[in-house]
Novice: 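Have a look at this one.
Both ligands and their constituent atoms are indexed starting at 1 by order of listing.
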Amino acid sequence: MIRFDSSHLHQPLTSASKSLRLVIAASWIFVGAACDRLPGKPPPNPAPVISVATTAGFEAMWAERCTGCHGADGQMGAGLPMRNAEYLKAVPDGEMFSIIRDGVPSSRMPGFGGNAIGGVSDEIIRDFIKGMHTTWASSEGSNVSRGISWRPSDATGDIARGASIFAAKCAACHPAEQKVPVLEGAMPDQLIAGSVTDPFYLRLVSDQHLRSNIVFGRTDLGMPGAAGPFRGPDGGEVTGGLDAADVADLVAYLASKRNTWPSGPEVEDGAP
Ligand code: HEC
Ligand code: HEC
């Protein structure tokens, strides 16, 4: 905005218009610096597209589609962190592709391909998976899983054995009810997490979600993976990790606590 003060009124006209021209010239330089093209010039055609196989393109699509549930930068979200090279290596690309394209049935994990609103092509999903691998190739989480596979083998778990492993290694951090700290004002132990045996919690998550958390842990929140260390009933550290059979038994035990009571209208396929 150009304002005149009274001093301009008794200046000769030529000098007033000269200074006005200067102001206008300066504002053109400013506009030119703010956006890198002059107004009126059409945008390049076609608009430049960054491939989601590159880190910059991948990060943009992650921020737009995944951050809300899996955390900015791939961690510290409600959903499993993906910024974990060991996890990314363990999930076969074909399975990762189906999860991202179709979502996880009966869960809040939406599908992003095909007919989904704003859905992307199969090619973009494949490139996105490449981008995820290159961007997070050297992220933390090495040998947390002790080589246990992401998907379960056919063997079904033993519920009773799972219950005793849970009591021996997990319950101290996942008590059915959290105790209030004895000392007034004492900080609660950040590693004492919510119940994972609550039937209503279990209705929100699939067996695969339980398994992925148990095998790969959550390094972002302090949940150990299969390698431990775990906590015994007295809260002290217990040695020894989990093997594939232990994981199957733990998942079978947790799944047995899930109830199927109706809680209102629910959708079959997990669609919102
Ligand atoms: C609205 C929330 C939400 C959004 C958005 C979302 N997810 Fe998920 N995602 C979930 C939930 C919840 C699960 C766990 C489902 C279950 O119970 O198995 C999940 C599971 C997954 C899994 C399987 C994890 C495992 O090993 O069990 C992958 C892989 C995944 N999401 C990737 C993504 C990617 C990539 C994006 C972005 C393109 C994304 N998700 C966006 C909520 C979301
Ligand atoms: C040192 C404490 C600690 C131990 C031991 C521990 N956990 Fe966890 N666990 C956590 C924390 C912290 C989280 C992340 C916070 C959360 O999800 O509430 C977590 C998350 C989880 C989750 C995912 C919850 C969700 O859906 O987000 C599952 C499932 C789980 N733990 C099961 C187990 C099992 C089974 C064991 C025993 C083999 C175990 N945990 C041992 C601290 C622990």
Side-chain angles (χ1 to χ4, degrees), residues 52 58 61-71 74-84 87-88 90-93 95-113 116 118-120 124-125 128-129 131-132 136 149-151 162-163 165-175 178 189-198 201-233 235-238 240-242 246-247 249-255 258 270-272:
V52 291
F58 164 74
M61 184 163 153
W62 177 274
E64 196 181 311
R65 311 240 170 179
C66 319
T67 290
C69 298
H70 292 278
Q75 53 190 355
M76 305 293 276
L80 201 70
M82 302 276 129
R83 188 194 179 86
N84 178 338
Y87 170 79
L88 292 177
V91 183
D93 278 358
E95 303 263 15
M96 183 62 91
F97 175 81
S98 319
I99 293 175
I100 298 174
R101 187 188 58 187
D102 306 326
V104 177
S106 304
S107 88
R108 294 296 109 189
M109 169 66 196
F112 292 91
V120 294
I124 291 184
I125 296 175
F128 176 83
I129 295 168
M132 178 145 69
W136 291 331
S149 68
W150 169 73
R151 271 260 190 257
I165 301 172
F166 190 85
K169 294 187 163 166
C170 321
C173 285
H174 293 287
Q178 289 206 32
D189 183 338
Q190 296 296 316
L191 290 182
I192 302 212
S195 168
V196 288
T197 45
D198 181 284
Y201 157 71
L202 288 160
R203 285 176 66 145
L204 296 174
V205 295
S206 70
D207 287 4
Q208 180 62 55
H209 173 83
L210 298 171
R211 183 181 175 90
S212 295
N213 275 280
I214 296 169
V215 174
F216 300 95
R218 288 207 56 165
T219 40
D220 54 347
L221 296 177
M223 160 74 186
F230 298 105
R231 285 196 193 179
E237 195 173 307
V238 286
L242 305 172
D246 296 339
V247 173
D249 295 347
L250 280 163
V251 173
Y253 165 64
L254 295 178
R258 188 184 284 131

Novice: Can you pull out the closest protein heavy atom to atom 34 (C) of ligand 1? Residue, atom name and distance to 0.1 Å, please.
Specialist: Cys66 SG, 3.5 Å

Novice: For ligand 2, which atoms have a heavy atom of Leu191 less than 4.0 angstrom away?
Specialist: 2 (C), 12 (C), 42 (C)

Novice: Kindly compute the distance separating CD (Gln75) from OG1 (Thr219), expressed to the nearest 0.5 Å.
Specialist: 7.0 Å

Novice: Among all protein heavy atoms in this structure, tell me which lies nearest to atom 5 (C) of ligand 1, with the distance rounded to 0.1 Å.
Specialist: Arg65 O, 3.2 Å

Novice: What part of Ala172 sits under 4.0 Å from ligand 2 if we count only heavy atoms: the side chain, the backbone, both or neither?
Specialist: neither

Novice: For atom 28 (C) of ligand 1, find the nearest protein heavy atom and state the residue, atom name and distance (0.1 Å precision).
Specialist: Met82 CE, 3.5 Å

Novice: Met82 versus Val91: any side-chain heavy-atom pair under 4.5 Å?
Specialist: no

Novice: Please step through side chain to side chain contact (heavy atoms under 4.5 Å, CB included) for the pair Trp150 and Val215, ending with a clear verdict.
Specialist: CA-CA 7 Å; Trp150 169 73; Val215 174; over 6 Å; no

Novice: Hey, what do you get for CZ (Phe97) to CG (Asp102), rounding to the nearest 0.5 Å?
Specialist: 7.5 Å

Novice: Using only atom types and a distance under 3.5 Å, with no angle test, would you say the side chain of His174 pairs donor to acceptor with the backbone of Gly194?
Specialist: yes

Novice: What are the atoms of ligand 2, with element, lying closer than 4.0 Å to any heavy atom of Leu210?
Specialist: 29 (C)

Novice: How long is the span from the CD1 atom in Ile100 to the CD1 atom in Ile124, to the nearest 0.5 Å?
Specialist: 12.5 Å

Novice: Can you check which of Leu254, Leu242, Asn213, Val247 brings a heavy atom nearest to atom 23 (C) of ligand 2?
Specialist: Asn213

Novice: With backbone taken as N, CA, C and O and side chain as the heavy atoms from C-beta onward, which portion of Pro110 lies under 4.0 Å from ligand 1: side chain, backbone, both, or neither?
Specialist: side chain

Novice: Suppose we measure from atom 22 (C) of ligand 1 to each protein heavy atom; which comes out shortest, and what is that distance?
Specialist: Ile99 CG2, 3.8 Å

Novice: Relative to the heavy atoms of Trp150, which atoms of ligand 1 are at a distance of less than 4.0 Å?
Specialist: 25 (C), 26 (O)

Novice: Compute the shortest N/O to N/O distance between His174 and ligand 2 and return yes if it is under 3.5 Å, no if not.
Specialist: yes

Novice: At under 4.0 Å between heavy atoms, is it the side chain or the backbone of Ser107 that contacts ligand 1, or both, or neither?
Specialist: side chain

Novice: Could you tell me the separation between the OH atom of Tyr253 and the SG atom of Cys170, rounded to the nearest 0.5 Å?
Specialist: 9.5 Å

Novice: Mind checking whether Ile100 contacts ligand 1 via backbone (N, CA, C, O), side chain (CB onward), both or neither, at a 4.0 Å heavy-atom cut-off?
Specialist: side chain

Novice: What protein heavy atom is closest to atom 26 (O) of ligand 2, reported as residue, atom name and distance in Å?
Specialist: Tyr201 OH, 2.5 Å

Novice: Using the side chain to side chain contact (heavy atoms under 4.5 Å, CB included) rule, take Val196 and Met223 through it: C-alpha gap first, then chi angles, then the decisive distance, then the call.
Specialist: CA-CA 12 Å; Val196 288; Met223 160 74 186; over 6 Å; no

Novice: Output the list of atoms in ligand 1 that are nearer than 4.0 Å to some heavy atom of Val205, sorted by atom number.
Specialist: 17 (O)

Novice: As an exercise, identify every atom of ligand 2 less than 4.0 angstrom from a heavy atom of Arg231.
Specialist: 1 (C), 5 (C)

Novice: Would you mind reporting whether Arg211 and Ser149 have side-chain heavy atoms less than 4.5 Å apart?
Specialist: yes

Novice: To the nearest 0.1 Å, how far is atom 32 (C) of ligand 1 from its closest protein heavy atom, and which atom is that?
Specialist: Met109 CE, 3.7 Å

Novice: Of the protein's non-hydrogen atoms, which lies at the shortest distance from atom 3 (C) of ligand 1, and what is that distance?
Specialist: Cys69 SG, 2.6 Å

Novice: Going by the order shown, which atoms of ligand 2 are within less than 4.0 Å of some heavy atom of Lys169?
Specialist: 5 (C)

Novice: Would you mind reporting whether Arg231 and Asp189 have side-chain heavy atoms less than 4.5 Å apart?
Specialist: yes

Novice: Give the single entry among Met223, His209, Arg218 that approaches atom 20 (C) of ligand 2 most closely by any heavy atom.
Specialist: Met223

Novice: Give the numbers and elements of all ligand 2 atoms closer than 4.0 Å to a heavy atom of Ile214.
Specialist: 35 (C)

Novice: Could you check which of Arg211, Arg151, Arg108, Met61 puts a non-hydrogen atom nearest to atom 12 (C) of ligand 1?
Specialist: Arg108

Novice: Please tell me whether Trp136 and Tyr87 form a close aromatic pair, meaning their ring centres lie under 6.0 Å apart.
Specialist: no

Novice: Would you name the heavy atoms of Ala63 and Thr67 that are closest together and state the gap between them?
Specialist: CA-OG1, 3.2 Å

Novice: Please report the interatomic distance CG(Leu210) to CG(Leu202), rounded to the nearest 0.5 Å.
Specialist: 6.0 Å

Novice: Using a 4.0 Å cutoff against the non-hydrogen atoms of Leu221, which atoms of ligand 2 qualify?
Specialist: 12 (C), 14 (C), 15 (C)

Novice: Which residue supplies the protein heavy atom nearest to atom 24 (C) of ligand 1, what is that atom called, and how far is it?
Specialist: Tyr87 OH, 3.2 Å

Novice: Using a 4.0 Å heavy-atom threshold (strictly under), name the region of Met96 that reaches ligand 1: side chain, backbone, both or neither.
Specialist: side chain

Novice: Could any protein non-hydrogen atom be found less than 4.0 Å from atom 17 (O) of ligand 2?
Specialist: no

Novice: Show, in sequence, the C-alpha distance, side-chain angles and deciding distance for Val104 and His209, and conclude whether the side chain to side chain contact (heavy atoms under 4.5 Å, CB included) test is met.
Specialist: CA-CA 10 Å; Val104 177; His209 173 83; over 6 Å; no

Novice: If hydrogens are left out, which of Gly217, Cys170, Ser212, Ala167 has an atom nearest to atom 38 (C) of ligand 2, that is, the closest non-hydrogen atom?
Specialist: Cys170

Novice: May I ask you to decide whether Arg258 forms a salt bridge with Asp207, counting only side-chain N to carboxylate O separations under 4.0 Å?
Specialist: yes

Novice: Classify the contact between Leu250 and ligand 2 as side chain, backbone, both or neither, using a heavy-atom distance cut-off of under 4.0 Å.
Specialist: side chain

Novice: To which protein heavy atom is atom 2 (C) of ligand 2 closest, and what is the distance rounded to 0.1 Å?
Specialist: Cys173 SG, 2.0 Å

Novice: Under 4.0 Å from ligand 1, counting heavy atoms only, is it the side chain of His70, its backbone, both or neither?
Specialist: side chain

Novice: So Leu250 and Lys169, do their side chains get closer than 4.5 Å, heavy atoms only?
Specialist: no

Novice: List ligand 1 atoms under 4.0 Å from Leu80, heavy atoms only on the residue side.
Specialist: 24 (C), 25 (C), 26 (O)

Novice: Measuring from non-hydrogen atoms of Phe216 to any atom of ligand 1, is the shortest distance under 4.0 Å?
Specialist: no

Novice: Over all heavy atoms of both residues, which pair between Asn84 and Phe216 is shortest? Give the atoms and the distance, please.
Specialist: ND2-O, 4.1 Å

Novice: Could you grab the distance from atom CE of Met132 to atom CE of Met96, nearest 0.5 Å is fine?
Specialist: 3.5 Å

